[in-house]
2 protein chains.
Amino acid sequence: MDDPFAEPADTREAILGAAFRALCEHGYADLTIKRIGEAFEKSPSLVYHHYGGKDELLVDLLEFLLDSFEAAVAGDAFDLPPRARLDAYVAAMTDPGGVDDEHAPDGRFLVAMVELRAQAATDEAYREHFDRSDRVFRRFLERSVREAAAESAASEGVASREADGDVDPAAVAETLQTLATGAMLRWATTTDRDWTGAVREEASRYLSRTLPVVDPET
Amino acid sequence: MDDPFAEPADTREAILGAAFRALCEHGYADLTIKRIGEAFEKSPSLVYHHYGGKDELLVDLLEFLLDSFEAAVAGDAFDLPPRARLDAYVAAMTDPGGVDDEHAPDGRFLVAMVELRAQAATDEAYREHFDRSDRVFRRFLERSVREAAAESAASEGVASREADGDVDPAAVAETLQTLATGAMLRWATTTDRDWTGAVREEASRYLSRTLPVVDPET
């Protein structure tokens with residue numbers, strides 16, 4: 001991914017950029033406010049002035065990244081046809097950056113995201129964030145599924161759809177999101193990579209067989 | 001799930017049972033060897049004598065639970081037809097214990113498993129365990145997919161299979177495992193439960209459409 005903090009607009013963004021870099025470098029468990037301060041170009045004391053602790057800062061980082069994603073989606077920043085957009089989403093979660101290396105920047109970010117998400121198992125602030133995060137991605141996926149289904153209906157007619165009964169676009173979106181979440185967790189916590197190709201192919205086969213029976217108007 | 005430590009065979013199992021209870025009660029982050037010692041019926045010092053630290057003990061607990069699962073699978077402890085076995089696996093991961101409550105014993109165990117799995121992002125011993133764990137579950141699922149496909153072929157004939165080209169049972173197994181892993185992570189880290197029914201239904205529809213095109217002999 002591109003560095004979302006290449007040109008920080010204000011002190012908050014500069015601090016969040018430092019936290020992002022320090023998180024990718026050290027991982028969650030070894031991250032301290034001190035290390036974030038060291039990755040910050042200005043006075044480290046500014047970090048303490050803005051945030052009460054490491055988790056408060058990291059939840060704000062997650063919110064900032066999710067806001068950026070929401071803005072990018074709303075602005076049609078993903079310049080791909082809907083079906084290709086869905087395939088790209090699955091690919092990004094099963095093989096981040098297209099490289100099989102947890103030391104690559106995208107791999108390190110994905111590993112850090114899994115560590116932060118695990119905090120939500122017991123920490124309310126993280127949990128609220130990931131509830132919102134799952135809603136944002138669900139909306140993005142559901143819209144993409146509707147658009148891909150409309151595309152599929154336009155090219156194939158709707159006869160095949162009625163034969164199977166309609167499938168809810170939201171159900172397809174939740175399934176893709178759950179599959180991608182699992183791919184992210186497996187990728188970050190195991191060394192084996194043999195499964196990634198099979199999962200992408202099956203996700204693609206699932207979409208090809210399902211989109212024609214999705215009713216985009218549901 | 002049944003308490004796997006109801007009748008510990010030796011001191012190791014008694015300690016692991018104490019660790020299991022303490023883990024479900026306190027969660028990973030707040031778990032200490034001292035708290036495991038408190039959950040242990042005999043002298044807490046025995047825990048220190050057997051294990052060098054909390055993570056060494058927890059990895060041994062994970063290995064013990066996985067060994068038990070492997071033995072149960074080998075002994076055909078899952079007395080279900082293959083297709084029902086696959087559905088039950090997906091259901092157990094999307095709605096543990098059939099209750100929508102992270103305070104229920106199965107829910108607390110699932111939350112703890114997510115916390116332990118997240119350690120594998122940065123800890124080699126946990127990572128080796130979850131590599132093995134994914135292999136064990138993959139074998140269980142692949143065998144079940146083969147058996148369910150053979151059942152499906154017997155009831156429907158093989159004509160429909162050839163129309164689509166054969167699907168590898170291993171690819172179906174990896175897809176189910178990834179979906180279930182994602183369901184586990186979502187369940188443990190968010191409050192929303194609306195997605196669980198849709199994911200189970202789509203997994204079932206995926207299996208019903210895919211099993212007839214799986215070649216059990218692959």
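In what follows, every heavy atom counts, from backbone to side chain, and hydrogens, waters and symmetry copies are set aside. Here is how names work: the chains are called A, B, and so on, in the same order as the sequence lines, proteins then strands, and each is numbered from 1.
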S.K.: Please determine whether side chain to side chain contact (heavy atoms under 4.5 Å, CB included) holds for the pair A:T210 and B:R205, giving the CA-CA distance in whole Å, both sets of side-chain angles, and the decisive distance to 0.1 Å.
M.R.: CA-CA 10 Å; A:T210 301; B:R205 214 176 50 76; 3.0 Å; yes

S.K.: Measuring from A:E202:CD to B:L179:CG, what's the distance to the nearest 0.5 Å?
M.R.: 12.0 Å

S.K.: Does the side chain of B:R127 come under 3.5 Å of the side chain of A:T190 through a donor N or O and an acceptor N or O?
M.R.: no

S.K.: Holding to side chain to side chain contact (heavy atoms under 4.5 Å, CB included), I want the full list of residues that pass it with B:R139, two or more places apart in sequence or in another chain.
M.R.: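 Partners of B:R139 under the side chain to side chain contact (heavy atoms under 4.5 Å, CB included) test: B:E70, B:R135, B:V136.
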
S.K.: Which one of B:A198, B:A188, B:A118 has the most heavy-atom pairs closer than 4.5 Å to chain A?
M.R.: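 Of B:A198, B:A188, B:A118, B:A188 has the most heavy-atom pairs under 4.5 Å with chain A.
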
S.K.: Give, as side chain, backbone, both or neither, the part of B:T122 having an atom under 4.5 angstrom from any heavy atom of chain A.
M.R.: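 When you check distances to chain A, only side chain atoms of B:T122 fall under 4.5 Å.
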
S.K.: Is A:D168 close to B:E201 at the side-chain level, that is, under 4.5 Å between some pair of heavy atoms?
M.R.: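 They are not in side-chain contact.
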
S.K.: Would you give the length of the straight line joining atom OG1 of A:T175 to atom OH of B:Y206, rounded to the nearest 0.5 angstrom?
M.R.: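 If we round to the nearest 0.5 Å, A:T175:OG1 and B:Y206:OH are 12.0 Å apart.
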
S.K.: About how many Å separate OG1 of B:T181 and CH2 of A:W187, when rounded to the nearest 0.5 Å?
M.R.: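 So the gap between those two atoms works out to 16.0 Å.
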
S.K.: Tell me, do B:M184 and A:L185 make a side-chain contact under 4.5 Å, heavy atoms counted?
M.R.: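 Yes; the side chains approach each other to less than 4.5 Å.
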
S.K.: Using a 4.5 angstrom heavy-atom cutoff, name the option from B:D134, B:T94, B:D123 with the most pairs to chain A.
M.R.: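 Among the listed options, the one with the most contacts to chain A is B:D134.
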
S.K.: When you compare the side chain of B:Q119 with that of A:T189, does any pair of heavy atoms fall below 4.5 Å?
M.R.: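 No, their side chains stay 4.5 Å or more apart.
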
S.K.: Using the test salt bridge (charged side-chain N to carboxylate O under 4.0 Å, His left out), find all partners of A:R138 that sit at least two apart in sequence or belong to another chain.
M.R.: A:E142, A:E174

S.K.: Considering only heavy atoms, give the residues of residues 30-37 of chain B separated from chain A by less than 4.5 Å, sorted numerically, with 'none' for an empty result.
M.R.: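 No residue falls under the 4.5 Å cut-off.
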
S.K.: For A:D67, which residues count as a salt bridge (charged side-chain N to carboxylate O under 4.0 Å, His left out) partner, sequence neighbours excluded?
M.R.: A:R132

S.K.: Answer yes if the side chains of B:T178 and A:R186 hold a donor-acceptor pair under 3.5 Å, and no otherwise.
M.R.: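 Short answer, yes.
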
S.K.: Is it true that a side-chain atom of A:D192 and a backbone atom of B:D131 form a donor plus acceptor pair closer than 3.5 Å?
M.R.: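 A pair under 3.5 Å: no.
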
S.K.: Mind checking whether B:R209 and A:V213 have side chains closer than 4.5 Å, heavy atoms only?
M.R.: yes

